[in-house]
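Labels below follow one simple rule: chain letters A, B, ... track the order of the sequence lines, proteins then strands, and each chain is numbered from 1.
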Protein chains: 2
Amino acid sequence: MQAQTSERPMKSAPTPSLRRMPMYLRCLYALRKTDVEWVSCTYLAEVLQKDPTLVRKDLAMTGIVGKPKVGFHVTGLVAAIEHFIGWDNLEDAFLAGVGNLGSALLGYEGFAQHGLNIVAGFDVDAEKVGTEVHGKRILHIDKLTDLAQRMHIGIGIVTVGARTAQAVADRMVAGGIRAIWNFAPVRLEMPPEIIVENEDLAGTLAVISRRLAGLNVETDERE
Amino acid sequence: MQAQTSERPMKSAPTPSLRRMPMYLRCLYALRKTDVEWVSCTYLAEVLQKDPTLVRKDLAMTGIVGKPKVGFHVTGLVAAIEHFIGWDNLEDAFLAGVGNLGSALLGYEGFAQHGLNIVAGFDVDAEKVGTEVHGKRILHIDKLTDLAQRMHIGIGIVTVGARTAQAVADRMVAGGIRAIWNFAPVRLEMPPEIIVENEDLAGTLAVISRRLAGLNVETDERE
DNA sequence: TAGATTGTTAATCGATTAACAATC
DNA sequence: TAGATTGTTAATCGATTAACAATC
């Protein structure tokens with residue numbers, strides 16, 4: 001009872017932990033620009049308003065080991081986190097649906113910073129096909145499946161309307177794409193091995209608007 | 001021990017439940033277009049791939065009461081959910097930062113559909129100020145605070161860069177805005193009474209990329 | 001009536017927080 | 001050494017799921 005651990009831990013990490021990783025990274029990038037070499041969980045927790053134990057567990061998940069009384073080496077921690085969330089070796093992506101949102105994402109610098117390379121955009125609109133948007137070529141969507149296969153694309157970003165989203169996602173999967181980042185307001189039916197993440201703007205709006213309405217109660221108290 | 005309940009329940013609802021509400025609505029809107037008048041939790045649960053009890057609890061939260069064996073009246077349920085999440089009476093919004101993403105959101109039809117009215121966009125760029133983007137006037141950001149106050153704006157959408165996000169959010173709060181929808185990759189320091197929702201693209205990317213890397217393990221098994 | 005469905009109470013599960021021992 | 005900090009085990013908390021009674 002001790003083998004198998006040697007390389008590749010790769011346990012399934014809790015989603016909330018994964019979502020926090022980029023926050024840690026942002027703090028650490030800032031530290032790296034200064035001459036600070038060591039950082040403690042306590043510090044990160046304070047800056048991010050989290051429980052120190054939570055931070056400690058998150059960091060432990062990456063496999064890094066800290067030094068009591070000292071903390072973690074900033075550079076080492078950055079590398080550990082980036083590796084843990086796969087940002088040191090990220091797959092290429094296709095984006096389908098070059099409307100307002102799609103165009104914006106094609107030009108979003110944050111992606112490039114995090115190593116996400118959107119290789120091309122796809123659309124049905126003849127006006128758009130053949131042009132470039134933020135330096136990315138726009139191709140006809142009929143070419144998506146075949147090209148995805150040939151280029152070994154791993155990630156598909158869906159920014160088409162709700163009606164066409166399922167069909168587009170199907171084409172992506174047919175082309176061997178293994179992860180779908182869905183910005184369309186529909187639930188996609190996908191084979192279980194496909195990773196689907198929904199960017200759920202309507203959900204966030206619901207949270208905001210409910211909370212706002214809740215506040216109103218007190219104001220409305222009398223009358 | 002029985003008074004006070006009469007009107008306005010307005011208990012604090014769990015965030016996950018709130019996020020699911022728009023999903024239910026989408027199903028219900030579709031049903032409403034057909035001649036289906038009644039719907040069961042069982043049906044909604046099946047379509048959305050959720051546990052039926054979960055759906056039942058979510059719906060109960062809105063205050064609606066169903067009929068055993070029959071279910072819920074579609075129209076009534078739509079109204080109950082929309083009211084519950086405040087979509088029948090949503091506040092106006094300002095958007096700051098008319099870059100790629102900001103412009104896209106100004107033209108996003110999904111918002112209008114859900115009753116979110118973005119009144120105007122704000123930017124520092126002299127080229128943009130005075131123009132219209134997707135039919136919304138773009139004003140100089142110096143006018144934001146004052147106008148927000150005079151127009152009783154409730155929601156501020158932050159689509160500026162990470163560096164200016166805090167300053168912009170501060171101006172919004174100074175103008176009486178009570179909810180901030182933050183698309184910038186920074187943590188905003190806000191007074192506790194302000195509702196802050198972060199649209200965390202980097203977090204989602206981390207989830208996707210970690211999961212993708214995880215899949216690779218099996219492929220890499222030997223070699 | 002029988003059976004599908006609602007509504008509610010109890011059990012489970014997972015993530016966060018608290019407590020504490022180990023260490024440089 | 002003393003004290004800050006790591007790392008781990010136990011307790012808490014909240015959301016989901018299971019079990020079951022109530023009802024038309």
note = Pairing string of DNA chain D (Watson-Crick or G-U wobble, both atom distances under 3.5 Å; | = paired to other strand) is ..||||||||||||||||||||||

message = Less than 3.5 Å apart, any donor N or O on the side chain of B:T204 or A:E199 sitting next to an acceptor on the other?
response = yes

Heavy-atom check, side chain of B:H152 versus side chain of B:E91, under 4.5 Å = no

task = Check whether any side-chain heavy atom of A:R56 sits under 4.5 Å from a side-chain heavy atom of A:D51, and report yes or no.
result = no

message = Taking the nucleotide of DNA chain C with the nearest heavy atom to each, does A:P16 or A:P68 sit closer to the 5' end?
response = A:P16

request  = By nearest nucleotide on DNA chain C, pick out whichever of A:K67 and B:K69 is the more 5' one.
outcome  = B:K69

query = Going by heavy atoms closer than 4.0 Å, what residues in residues 23-54 of chain A are next to DNA chain D?
reply = A:S40, A:C41, A:T42, A:T53

request  = Classify the ring geometry between A:W38 and A:H73 as parallel (under 30°), tilted (30 to 60°) or perpendicular (over 60°).
outcome  = perpendicular

query = Mind checking which nucleotides bracket the chain A contacts on DNA chain D, 5' to 3', with an atom under 4.0 Å from a heavy atom?
reply = D:dG3 to D:dA10

key: Residues B:T15, A:R211; criterion side chain to side chain donor-acceptor pair (under 3.5 Å); working and verdict   = CA-CA 10 Å; B:T15 308; A:R211 297 264 163 76; 2.9 Å; yes

query = From A:T159 OG1 over to A:L101 CG, what is the distance, rounded to the nearest 0.5 angstrom?
reply = 6.0 Å

request  = Look only at the side chain of B:S17 and the backbone of B:D58, and say whether a donor-acceptor pair between them is shorter than 3.5 Å.
outcome  = no

message = Minimum heavy-atom separation for A:R187 and B:V47, please, with both atom names.
response = CD-O, 4.0 Å

query = Can we say B:R19 and B:E197 salt-bridge, meaning some charged N sits less than 4.0 Å from an Asp/Glu carboxylate O?
reply = yes

query = So, the side chain of B:T145 versus the backbone of B:A174: is there a donor-acceptor pair under 3.5 Å, distance only?
reply = no

